[in-house]
Each structure stands twice: as C-alpha cells, then as structure tokens.
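As the structure is a prediction and not an experimental result, all values here were calculated from the model.
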Amino acid sequence: MRLGLALGYWGRGPDPRHLELAREAERLGYHSVWTAEAWGSDAFTPLTWIAAHTSRIRLGTAVAQMAARSPTATAMHALTLDHLSGGRLLLGLGLSGPQVVEGWYGRPFPDSPLTATREYVDVVRQVLRRRAPVTLEGRHHALPYRGPGATGLGRPLRPITHPLRPDLPVLLGAEGPRNVAQTARIADGWLPLYWSPLRTNLHAEALAAAPPGFLVAPLVRARVCADLAEGLLPVKAMLGFYIGGMGHTRRNFHADLMARMGYEEEAGRVRELFLAGRREEAVAAVPDAFADEISLVGPRGRIAERLELWRAGPVTDLLVTAPDPETLRVLAELV
C-alpha cells in the first residue's frame, strides 16, 4: 500500500502550506500528491506549480471535473503536464453532480451519467494514444460535432503534440455500484470518496472485473492527536458539507453513499439540518462512528492498529489529507 498526499482545492485563497507539504511528502517517500477542484481553484494549475518544485513524486488530480472541460481539453492539459513533469501525471476524473454541473458550469447534467463518462474516457484515451484523428459517434461527446448549429465544416483531428505516454493512467471518482463496476472495466483506477475498511464487501462485486494492476486509491483524512473527538471534528465538518451541501434534497450522491454504508437515517438528518441553515447542528449530527471508520485519527498506536484493516483490503494507494508534517511523517514510518 503506497501513500499519497491529498491537498484538495483552495478555500478562500491559496493555502501557503501546500507546496511545503508536497515537498515534505516527496522527502518522506510518498508516491503521489493530488489536487482537486470544486467551484474555485482549478486542479491543474496548482499541480503544475508543485511539479516545478519537485522531481520524483507523482502528480494526480482527484478529481478534475468532466463538466469543466471538453474531453479533448482535458487530454491537452494531461499531455502538457505529463511532458513538463517528466511523465508523472495521474489523471483522475469525476462527473460531479447536478448542482455543480448545472449551477456552476451551466450545462445539463447528463441523463445517462455512465454513457457520458464512458464517452469522455474514450475521447481522452484517443487523444493520448494519437493513433488516428479523434472521432466518436457519441451521445454526449460526439466528434466532430454535427448537432444543432453545426456548420458542417468540422473535421477529425489528432493532437499536434505527441503525448509522452499513450498509456497515461486514467482514474475515475465513482460512487454508485454501477459506476464503480464501469470504472473497473474502462479505467486504470478508482478514487473512492468514502472508504471504510470495515465494509469492503460493498464493492466486491463491482470490483470483480478489475484487471491486474488496477488502482484503488481512497481519500482518507488523517491526524495524529491525543483527543479522538477533537481529531474527528474536521472529518465531521467535511461530511456535513458534502452530505448536506453538495447536492439537492432530491439527488445527493454523497448522502446516497452514506446510506448504503448503513447510515441512511443519519444522512437524512444531516442533510435536513444543513439545508435548514443549521450547519453546526448538521456537523454534530454526523455519527462519530461513521467519521471514524473512514479516517485515521488518534494517537500513533491507534493509527498503527487501524492501518492493518486498510492493508487487509484491496486498497493500493492511501491518499492522505493531513494538516501537518508530523502526521505525514508518522504515516510514512508506519506504512
């Protein structure tokens, strides 16, 4: 099991700690560092900055949102950064949800998310392989475009720049069982948002078709601390926001996942409180047990013991969100 550092996306502004954390992770032998995006900072620019200040650590997006760019634009970002970094990029993609796709990117959420994802990955892989001009008779990502308003002048193209690695790894953020099963078929790895080493049976069937070398790289919040309740607060705050705020009352993939993990009633309560503007109560309503089983928090000995549960399952890469170099160091020593 390899270690990665997950930096996420910026809040109000750039986090001055991120570059030093990335450099410390490289010094400690971490395999990868990952950035993200929501509706603020993008995923690729900070990763490029980190690439310029490191030399060995792999560089991942967890995740770059598909709605933010056409698949060819994403492939251009990927092949460019892969060249500049000497072949270190891991391309993680995610579909996001209707609130973000329609509210921020101003485009319809696909009526067939699995088809949209499959077409997107197909186009990205065509660009990176550069075997022929890129074409797709697709429902969501047709190339050339021949839909309403088309001039009819579009022609298939292939990238001017020769990609450094035609097999650049593509990973997908997926939550639903069918989406995870498709990820195992079409991608090089999976980026679970909430992973519990106590519930690996939830994904066993979906991952059954995964080929050898398939990456399972969950994000996990970690903190070495004496007070478990205090250490779990940031985990609960994150869950409160995602379960309560990153979706709609009628469609919230994060709440659905929490329900499948055995916390349906609690997920409904968190969402109800958050949408009523009672955010502190929503965070408090997140069960400590749920926050604990998807994180690595507490004294060093407790984290060492719990890491054995993570090792026992299919996880290949542990992408750690950690607030301090000390936690990164302890995990490097334990893993």
Side-chain angles (χ1 to χ4, degrees), residues 1-10 15 17-19 21-38 41 43-44 46-47 50-51 54 56-65 85 88-94 96 168-175 180 183 187-197 199-200 203 207 210 213-224 234-235 238-239 242 254 257 291-297 303 306-307 309-325 327-335:
M1 190 170 67
R2 302 178 299 196
L3 286 174
L5 169 65
L7 295 173
Y9 46 79
W10 295 352
D15 191 323
R17 302 171 301 171
H18 279 183
L19 179 57
L21 284 173
R23 295 174 73 173
E24 178 67 4
E26 181 174 68
R27 189 188 70 79
L28 291 168
Y30 277 58
H31 175 260
S32 56
V33 57
W34 301 74
T35 56
E37 60 190 10
S41 61
F44 289 101
L47 207 59
I50 292 168
T54 56
R56 301 182 309 278
I57 197 166
R58 302 296 194 275
L59 309 156
T61 55
V63 293
Q65 295 180 330
S85 66
R88 289 191 278 155
L89 185 66
L90 300 162
L91 181 60
L93 302 171
S96 193
L168 188 155
V170 176
L171 297 87
L172 294 175
E175 295 184 31
V180 175
T183 297
D188 301 298
W190 175 38
L191 296 160
L193 183 59
Y194 311 139
W195 176 274
S196 169
R199 303 174 192 272
T200 56
H203 312 291
L207 293 175
F214 185 80
L215 304 179
V216 177
L219 286 83
V220 55
R221 297 211 167 212
R223 184 180 177 191
V224 177
V235 185
M238 175 273 294
L239 288 168
Y242 272 73
H254 307 299
L257 176 57
D292 190 31
E293 70 179 84
I294 65 169
S295 62
L296 285 165
V297 174
I303 290 177
R306 289 173 58 78
L307 268 171
L309 297 173
W310 294 78
R311 292 181 197 274
V315 172
T316 61
D317 296 78
L318 202 61
L319 310 188
V320 178
T321 300
D324 60 276
T327 296
L328 295 182
R329 182 185 63 78
V330 169
L331 285 170
E333 291 172 356
L334 293 174
V335 173

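When atom types are taken as modelled, the side chain of Arg306 and the backbone of Asp292 share a donor-acceptor pair closer than 3.5 angstrom. Distance alone, capped at 3.5 Å, places no donor-acceptor pair between the Thr183 side chain and the Trp190 backbone. Between the side chain of Ser196 and the backbone N or O of Ile294, no donor-acceptor pair lies under 3.5 Å.
Evaluation of the salt bridge (Lys or Arg N to Asp or Glu O under 4.0 Å) rule for Asp324 yields no partner, not counting sequence neighbours. For Glu293, the salt bridge (Lys or Arg N to Asp or Glu O under 4.0 Å) criterion is met by Arg199, not counting sequence neighbours. Take Phe44 and apply the ring-ring contact (aromatic ring centres under 6.0 Å, His included) test, not counting sequence neighbours, and it matches His77. With sequence neighbours left out, the side chain to side chain contact (heavy atoms under 4.5 Å, CB included) criterion links Ala51 to Leu59, Leu81, Ser85, Arg88. For Ala222, the side chain to side chain contact (heavy atoms under 4.5 Å, CB included) partners two or more places apart in sequence, or in a different chain, are Leu296, Val320, Thr327, Leu331. Take Arg58 and apply the salt bridge (Lys or Arg N to Asp or Glu O under 4.0 Å) test, not counting sequence neighbours, and it matches no residue. For His203, there are no side chain to side chain donor-acceptor pair (under 3.5 Å) partners at least two apart in sequence or on another chain. Partners of Pro197 according to the side chain to side chain contact (heavy atoms under 4.5 Å, CB included) rule, which considers only residues two or more places apart in sequence or in another chain, are Trp195, Leu309, Trp310. With sequence neighbours excluded, no residue forms a side chain to side chain donor-acceptor pair (under 3.5 Å) with Thr321. Arg27 is linked by a side chain to side chain contact (heavy atoms under 4.5 Å, CB included) to Glu24, counting only residues two or more places apart in sequence or in another chain. Every residue was checked against the side chain to side chain donor-acceptor pair (under 3.5 Å) condition with Arg56, not counting sequence neighbours, and none meets it. For Glu175, the side chain to side chain donor-acceptor pair (under 3.5 Å) test picks out His254, with sequence neighbours left out.
Summarising the geometry, atom OG1 belonging to Thr316 is positioned 9.5 Å from atom CE belonging to Met1; distances are rounded to the nearest 0.5 Å. Note that OH of Tyr9 and NE2 of His18 are 11.5 Å apart. Values are rounded to the nearest 0.5 Å. Interatomic distance, CG of Asp15 versus CG of Leu21, reported as 7.5 Å (0.5 Å rounding). Atoms CG and CZ, on Leu5 and Arg23 in that order, are 14.0 Å from each other to the nearest 0.5 Å.
The one candidate from Asp188, Val315, Asp317 that meets the side chain to side chain contact (heavy atoms under 4.5 Å, CB included) condition with Leu215 is Asp317. In summary, of the residues considered (Val63, Leu191, Val170), a side chain to side chain contact (heavy atoms under 4.5 Å, CB included) with Leu93 occurs for Val170 alone.
When every heavy atom of Thr35 is checked against every heavy atom of Ala43, the shortest pair comes out as OG1-O, 2.7 Å. Nearest heavy-atom pair across Gln65 and Ser96 is NE2-OG, 3.7 Å. For Pro192 against Val216, the heavy-atom pair with the smallest separation is CG-CG1, 4.3 Å. Val235 and Val297 make their closest contact through CG2-CG2, 4.4 Å (heavy atoms, listed as atom of the first residue, atom of the second, distance). Here the closest non-hydrogen pair linking Ser32 and Leu90 is CB-CD1, 4.3 Å. The minimum heavy-atom distance between Leu47 and Gly60, with the atom names listed, is CD2-O, 3.6 Å.
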Next item on the list: Run the numbers on Glu26 and Ile50 for side chain to side chain contact (heavy atoms under 4.5 Å, CB included), then give the verdict.
Entry: CA-CA 11 Å; Glu26 181 174 68; Ile50 292 168; over 6 Å; no

Next item on the list: Take Trp34 and Leu219, measure what side chain to side chain contact (heavy atoms under 4.5 Å, CB included) needs, and give me the verdict at the end.
Entry: CA-CA 10 Å; Trp34 301 74; Leu219 286 83; over 6 Å; no

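No side-chain heavy atom of Leu28 sits less than 4.5 Å from a side-chain heavy atom of Leu3.
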